[in-house]
Amino acid sequence: MTYRSKSIYKLSLVAVICFIKASSSSCPVLECWFVQEKAGRGGGLAAATSQEKSLLHIRTDAYSHSAESQQAPSDINPDRVYFITDPAATLCHRSLNPPRGSVNKPHCEINPFLPQPSTLKWVAPLTDSALSPIYLQADWFSTSIQGLNKQLAISTITRAPTAAQEPNVILSVTSKTVSVQSRLGEPVLLDCGFWADPPSPLSGSGFAVEWRYQFRGDGRLVLAYDGKTDRLADTQEEGATLDFEGLHRKGNASLILQEAKVRHSGMYICTVYLPYLVAQVAVELEVVEPPSLSIYPSALPLAVHGQTLTVQCEASGFAPLSLELSWEFKGTDGKSRPLGSGSVTGHRQAWDGTYSQSTRLELDTTKLDLGRGGEVTCVAVHLGGTRRASVTLNVIGFSTPSIEDSMAMVGVALVLYGLIKFVSWTFTSSGSDEAGPQEKVMLHFKILQSS
């Protein structure tokens, strides 16, 4: 090997080492709560739980210890400091690594986990073939983490040799859509993916995926799939499916709803099973549809000052339920002012689950000081956006005329006066031509008197 080749080799080696260190340094140190059940007291009462502060040092390989990671903070029990190896780097997501000194931190909880077979019919085939229990004889942990600003939800199952504090991630389930909003009728994708450690004997024995729905105490199975036998459960909900090719190739367990409906709003739980292992993440879906507004009557009749008109506004086809209705008035001077909410009715639900609500407003042209009229607007404030509908109001005969109206009235009076004088003069002139001298003098004298 020449000197130049040796130099290139050394530079390449240094670059690789630097890349590994940079990758490891990007993985976070997570502050976590270690939660476990205390010994039961008997008497049929549920066991109480205890929680301790813990620290999780995340790394992508088992040999990336640092001098700092060996020192536990004074307020954390050294037995609760763990060095977790995650080859998939799922736990190295940026949302789990806030800036130094930041008050906002990821939510993290770690619990002891007991591997056991499942009796669910779409999971039971995973444990048909007896596995060596030696692999299961270890310390198992379940960790649930939520990233900053709900960017990510992660659930992991880790395994460590008994009494060791260096667990490896065996199964991780993630979602990048912790909270989803969708318009009515649109297709919806609820993200869920999983990764299984290839060297683990549990990862080559098949998997199962289950999606469940929960909302205000109501729960149902949406979809269940046995990946080992490639079969869907009979309880599959209409319009819900998976990308089966992506599921087997990339661990893409995302749920696809072909058409969002109001009844789809709620919590969805994505659960992934390996033999003896289970991990799950929750995704919240909210179907949001803004209201459509209609005003009755669509054209208001001409109002006389002192008259009261009734106008009604109906908001329909909206979800969720919460809605604020109000009225506004914009006069001819361009200034707007609120008119209150009017008389608001209760909610009514349509066949598709959407809601409708209406409000009625009494327009008293005297009390409300509406002047010569303007624009009456119905305003609906909803999670899906603010909607407005307007109608024009014209008022005549108001008590205080404007300067323009007064000038117009004076102008009309002058024109009428001139017209009357002209007609009178014409008539009297015609009559004077037919009269005698004495009559003409008397007639001119009367005209002079009248002038």
Side-chain angles (χ1 to χ4, degrees), residues 179-186 188 213-218 259-267 284-399:
S179 181
V180 180
Q181 278 192 359
S182 173
R183 291 287 298 270
L184 194 66
E186 293 183 349
V188 181
Y213 168 87
Q214 289 184 354
F215 183 69
R216 296 179 180 175
D218 177 32
E259 184 179 351
K261 300 179 180 179
V262 176
R263 65 182 180 87
H264 287 149
S265 291
M267 187 71 69
E284 185 178 4
L285 171 63
E286 188 170 27
V287 178
V288 177
E289 187 66 19
S292 297
L293 295 186
S294 302
I295 287 187
Y296 305 99
S298 57
L300 292 177
L302 190 65
V304 179
H305 183 73
Q307 183 181 358
T308 299
L309 296 179
T310 301
V311 58
Q312 181 171 323
C313 175
E314 182 173 2
S316 59
F318 63 91
L321 186 65
S322 179
L323 180 73
E324 292 183 10
L325 290 172
S326 62
W327 293 91
E328 292 179 356
F329 176 74
K330 184 177 182 181
T332 54
D333 56 358
K335 296 181 180 180
S336 298
R337 57 189 174 92
L339 296 178
S341 58
S343 300
V344 181
T345 65
H347 293 87
R348 301 177 299 277
Q349 192 167 20
W351 62 271
D352 61 352
T354 59
Y355 299 94
S356 63
Q357 191 176 23
S358 60
T359 174
R360 188 179 71 255
L361 180 67
E362 301 289 337
L363 288 171
D364 189 328
T365 56
T366 303
K367 293 182 179 179
L368 295 178
D369 188 21
L370 301 178
R372 290 177 296 162
E375 190 175 67
V376 181
T377 302
C378 173
V379 183
V381 179
H382 186 260
L383 182 63
T386 300
R387 297 292 186 267
R388 297 172 178 269
S390 301
V391 65
T392 301
L393 171 68
N394 292 306
V395 181
I396 60 174
F398 45 91
S399 57

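A quick note: this is a predicted structure, and the numbers were derived from the prediction, not measured.
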> Counting only heavy atoms not in Gln349, do more than 12 fall under 6.0 Å of its CD?
Replying inline: yes
> Is there a side-chain contact between Phe318 and Gln357 (heavy atoms, below 4.5 Å)?
Replying inline: yes
>> If you define the side chain from C-beta out and look only at heavy atoms, does anything of Leu363 sit under 4.5 Å from Phe329?
In response: no
> Hey, what do you get for OG (Ser182) to CD (Glu259), rounding to the nearest 0.5 Å?
Replying inline: 10.0 Å
> Taking Thr345 for the side chain and Ser358 for the main chain, is one N or O donor matched with an acceptor at less than 3.5 Å?
Replying inline: yes
> Which pairs with one or both residues in residues 290-300 pass salt bridge (charged side-chain N to carboxylate O under 4.0 Å, His left out), sequence neighbours excluded?
Replying inline: none
> Partners of Tyr213 by ring pair (Phe, Tyr, Trp, His ring centres under 6.0 Å), sequence neighbours excluded?
Replying inline: Tyr268
>> Quick check: do Arg183 and Pro290 have side-chain heavy atoms less than 4.5 Å from each other?
In response: yes
> Rounded to the nearest 0.5 Å, how far apart are OG of Ser179 and CD of Glu286?
Replying inline: 7.5 Å
> What are the two closest heavy atoms between Pro297 and Leu300, and how far apart are they?
Replying inline: CG-CD2, 3.8 Å
>> On a heavy-atom basis, which atom in Val287 and which in Ala260 lie closest, and how many Å separate them?
In response: CG2-CB, 4.2 Å
> Between atom NZ of Lys330 and atom OG1 of Thr392, what is the distance when rounded to the nearest 0.5 Å?
Replying inline: 11.0 Å
> Could you state the interatomic distance from SG (Cys313) to CZ (Arg360), rounded to the nearest 0.5 Å?
Replying inline: 13.0 Å
> In Å, rounded to the nearest 0.5 Å, how long is the span from CG of Leu293 to OG1 of Thr359?
Replying inline: 11.0 Å
> Just how far is it from atom OG of Ser341 to atom CG of Leu325, taken to the nearest 0.5 Å?
Replying inline: 8.5 Å
> Does the side chain of Thr354 come within less than 4.5 Å of Val262's, by heavy atoms?
Replying inline: yes
> Is there side-chain contact between Glu362 and Ser343, with at least one heavy-atom pair below 4.5 Å?
Replying inline: no
> Is the number of heavy atoms from other residues, nucleotides or ligands under 6.0 Å of Glu186 CD greater than 12?
Replying inline: yes
> Can you check whether His347 reaches Leu321 side chain to side chain, under 4.5 Å on heavy atoms?
Replying inline: yes
Side-chain donor/acceptor pairs under 3.5 Å, residues 374-387, sequence neighbours excluded:
{"unit_1": "Thr377", "atom_1": "OG1", "unit_2": "Ser390", "atom_2": "OG", "d": "2.8"}
{"unit_1": "His382", "atom_1": "ND1", "unit_2": "Gly384", "atom_2": "N", "d": "2.9"}
{"unit_1": "His382", "atom_1": "NE2", "unit_2": "Ala319", "atom_2": "O", "d": "3.4"}
{"unit_1": "His382", "atom_1": "NE2", "unit_2": "Pro320", "atom_2": "O", "d": "3.0"}

> Can you name the closest pair of heavy atoms from Ser298 and Val391 and give their distance?
Replying inline: O-CG2, 3.3 Å
